[in-house]
Amino acid sequence: MSRVLLTSMQVSDGVRKELVREGSGPPPRAGDEITVHCTGSLNSPRKKFWSTKDPGQKPFTFQVGLGKVIKGWDEGCLTMAQGEIARLTIAGYKGYGEQGFSAWGITPNADLLFEIEILSIQRK
């Protein structure tokens with residue numbers, strides 16, 4: 001039986017990253033456009049609220065590092081390479097904060113877990 005050992009690192013206060021699969025090349029820079037597959041879950045209790053792999057969904061593209069997504073995503077994705085898969089554990093204040101995101105069942109200050117795969121990086 002083979003065992004997968006995950007490399008874990010603290011990206012910043014409130015953002016922890018576990019490497020699932022290494023990527024290649026340099027990480028994106030702030031302002032680059034990245035396309036990702038991702039699955040988001042509440043951390044406790046573990047409950048999926050969104051995935052780009054669900055029927056009818058497609059990969060998600062955004063400019064990283066410019067505040068267009070939650071802060072934990074910006075911080076975590078800026079440490080990743082193309083092809084990398086990582087699990088980001090994001091504290092509530094680096095996620096949806098005090099307002100939560102009721103449309104997805106995310107309560108105020110909920111800690112989140114995202115598995116993110118960077119599919120492409122477009123340099124800007």
Side-chain angles (χ1 to χ4, degrees):
M1 180 169 142
S2 66
R3 196 169 149 189
V4 176
L5 296 176
L6 300 178
T7 302
S8 182
M9 66 175 276
Q10 194 72 32
V11 172
S12 66
D13 185 46
V15 180
R16 181 153 200 81
K17 172 182 160 181
E18 287 181 287
L19 182 64
V20 176
R21 183 183 76 199
E22 287 186 358
S24 61
R29 297 180 303 255
D32 287 348
E33 187 174 272
I34 65 173
T35 299
V36 302
H37 263 312
C38 57
T39 299
S41 303
L42 296 173
N43 199 32
S44 182
R46 187 68 47 89
K47 181 180 177 192
K48 181 179 86 169
F49 55 79
W50 176 61
S51 178
T52 59
K53 295 180 179 183
D54 284 345
Q57 297 293 313
K58 60 184 181 175
F60 180 64
T61 300
F62 64 99
Q63 278 186 289
V64 68
L66 300 181
K68 297 182 183 257
V69 292
I70 60 174
K71 193 169 185 88
W73 264 46
D74 271 342
E75 292 176 5
C77 288
L78 284 169
T79 71
M80 296 175 67
Q82 185 165 325
E84 182 174 324
I85 300 174
R87 290 188 191 115
L88 301 179
T89 303
I90 301 173
Y93 64 92
K94 293 264 177 109
Y96 292 97
E98 293 178 0
Q99 73 276 5
F101 193 72
S102 61
W104 284 354
I106 300 171
T107 56
N109 299 310
D111 292 342
L112 306 173
L113 176 66
F114 286 94
E115 184 166 288
I116 297 176
E117 176 183 8
I118 295 189
L119 301 172
S120 67
I121 299 171
Q122 296 294 320
R123 305 284 176 197
K124 298 292 179 185

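Residue numbers start at 1 and run along the sequence shown. The analysis underlying the following values was restricted to heavy atoms, covering all of them including side chains, and did not include hydrogens, waters or symmetry mates.
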*Asks:* To the nearest 0.5 angstrom, please state how far the CD atom of Gln63 sits from the CD atom of Gln122.
*Replies:* 11.5 Å
*Asks:* Minimum heavy-atom separation for Asp111 and Gly92, please, with both atom names.
*Replies:*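 Minimum heavy-atom separation between Asp111 and Gly92: OD1-N, 2.9 Å.
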*Asks:* So which heavy atom on Ile121 is nearest to which on Pro27, and how close?
*Replies:*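 Result for this residue pair: CD1-C, 4.5 Å.
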*Asks:* What distance do Asp32 atom CG and Leu66 atom CG have between them, rounded to the nearest 0.5 Å?
*Replies:*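 Nearest 0.5 Å value for the CG-CG distance: 9.0 Å.
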*Asks:* Between Leu119 and Ile85, is there a shared hydrophobic cluster once you connect ILVMFWY residues whose side-chain heavy atoms come closer than 4.5 Å?
*Replies:* no
*Asks:* Tell me if a side-chain donor or acceptor on Arg21 pairs with a main-chain N or O of Gly83 at a distance below 3.5 Å.
*Replies:* yes
*Asks:* Parallel, tilted or perpendicular, judged at 30° and 60°: which one describes the rings of Trp104 and Phe49?
*Replies:*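 Parallel, since the angle between the ring planes stays under 30°.
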*Asks:* Looking only at heavy atoms, which two atoms of Phe62 and Cys77 are closest? And how far apart?
*Replies:*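 For Phe62 and Cys77, the tightest heavy-atom pair comes out as CZ-SG, 4.2 Å.
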*Asks:* Would Leu113 and Leu19 show up in the same hydrophobic cluster when neighbours are defined by side-chain heavy atoms closer than 4.5 Å?
*Replies:* no
*Asks:* Centre-to-centre under 6.0 Å for Trp73 and Phe60, is that the case here?
*Replies:*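 Yes, ring centres under 6.0 Å apart.
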*Asks:* Quick check: does any side chain N or O of Glu115 sit under 3.5 Å from a backbone N or O of Arg87, one acting as donor and the other as acceptor?
*Replies:*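 Answer holds: no.
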*Asks:* Rounded to the nearest 0.5 Å, what's the gap from CG on Leu88 to CD on Glu18? Could you check?
*Replies:*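 Reported to 0.5 Å precision, the distance equals 9.5 Å.
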*Asks:* For a quick test of reading the model, state the closest non-hydrogen atom pair linking Ile116 to Met80 and the distance between them.
*Replies:*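 For Ile116 versus Met80, the nearest heavy atoms are O-CE, 3.4 Å.
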*Asks:* How close do Pro28 and Val64 get, counting heavy atoms only, and between which atoms?
*Replies:* CB-CG1, 3.9 Å
*Asks:* Look at the side-chain heavy atoms of Ile, Leu, Val, Met, Phe, Trp and Tyr, link any pair under 4.5 Å apart, and say whether Ile34 and Val11 land in one connected group.
*Replies:*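 No, no single cluster joins them.
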*Asks:* Report the residues that fulfil salt bridge (Lys or Arg N to Asp or Glu O under 4.0 Å) with Asp54, sequence neighbours left out, ordered by chain and then residue number.
*Replies:* Lys48
*Asks:* Does Glu22 have more than 12 heavy atoms from other residues, nucleotides or ligands lying within 6.0 Å of its CD?
*Replies:* no
*Asks:* Where the side chain of Lys124 meets the backbone of Arg29, is there a donor-acceptor pair that is under 3.5 Å apart?
*Replies:* no
*Asks:* Met9 and Val15: same hydrophobic cluster, using ILVMFWY side-chain contacts below 4.5 Å?
*Replies:*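 Yes.
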*Asks:* Treating Ile, Leu, Val, Met, Phe, Trp and Tyr as nodes and any side-chain heavy-atom pair under 4.5 angstrom as an edge, say whether Ile70 and Trp50 lie in one connected cluster.
*Replies:*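 Yes; tracing contacts between hydrophobic side chains, which count when under 4.5 Å, links both residues.
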*Asks:* Among Glu84, Gln10, Glu75, whose side-chain hydrogen bond (donor to acceptor under 3.5 Å, both in side chains) with Lys17 holds?
*Replies:* Glu84
*Asks:* Under the side chain to side chain contact (heavy atoms under 4.5 Å, CB included) criterion, do Glu98 and Asn109 qualify, and how do the steps go?
*Replies:* CA-CA 5 Å; Glu98 293 178 0; Asn109 299 310; 3.8 Å; yes
*Asks:* Considering all heavy atoms of both residues, which atom of Ile106 and which atom of Leu112 are nearest to each other, and what is their separation?
*Replies:*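 Distance-wise, the nearest heavy atoms are CG2-CD2, 4.0 Å.
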*Asks:* Is it true that Ser12 and Lys71 share a donor-acceptor pair across their side chains at a distance under 3.5 Å?
*Replies:*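 The answer is no; no qualifying pair exists.
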*Asks:* Measure the spacing between OG1 of Thr61 and NZ of Lys68 and express it to the nearest 0.5 Å.
*Replies:*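 Between atom OG1 of Thr61 and atom NZ of Lys68 there are 13.0 Å.
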*Asks:* Is a donor on one side and an acceptor on the other found under 3.5 Å between the side chain of Thr52 and the backbone of Cys38?
*Replies:* yes
*Asks:* Donor-acceptor pair, distance only, cut-off 3.5 Å: does the side chain of Asp74 make one with the backbone of Gly67?
*Replies:*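 Indeed, once roles are kept as given, a pair shorter than 3.5 Å links the two residues.
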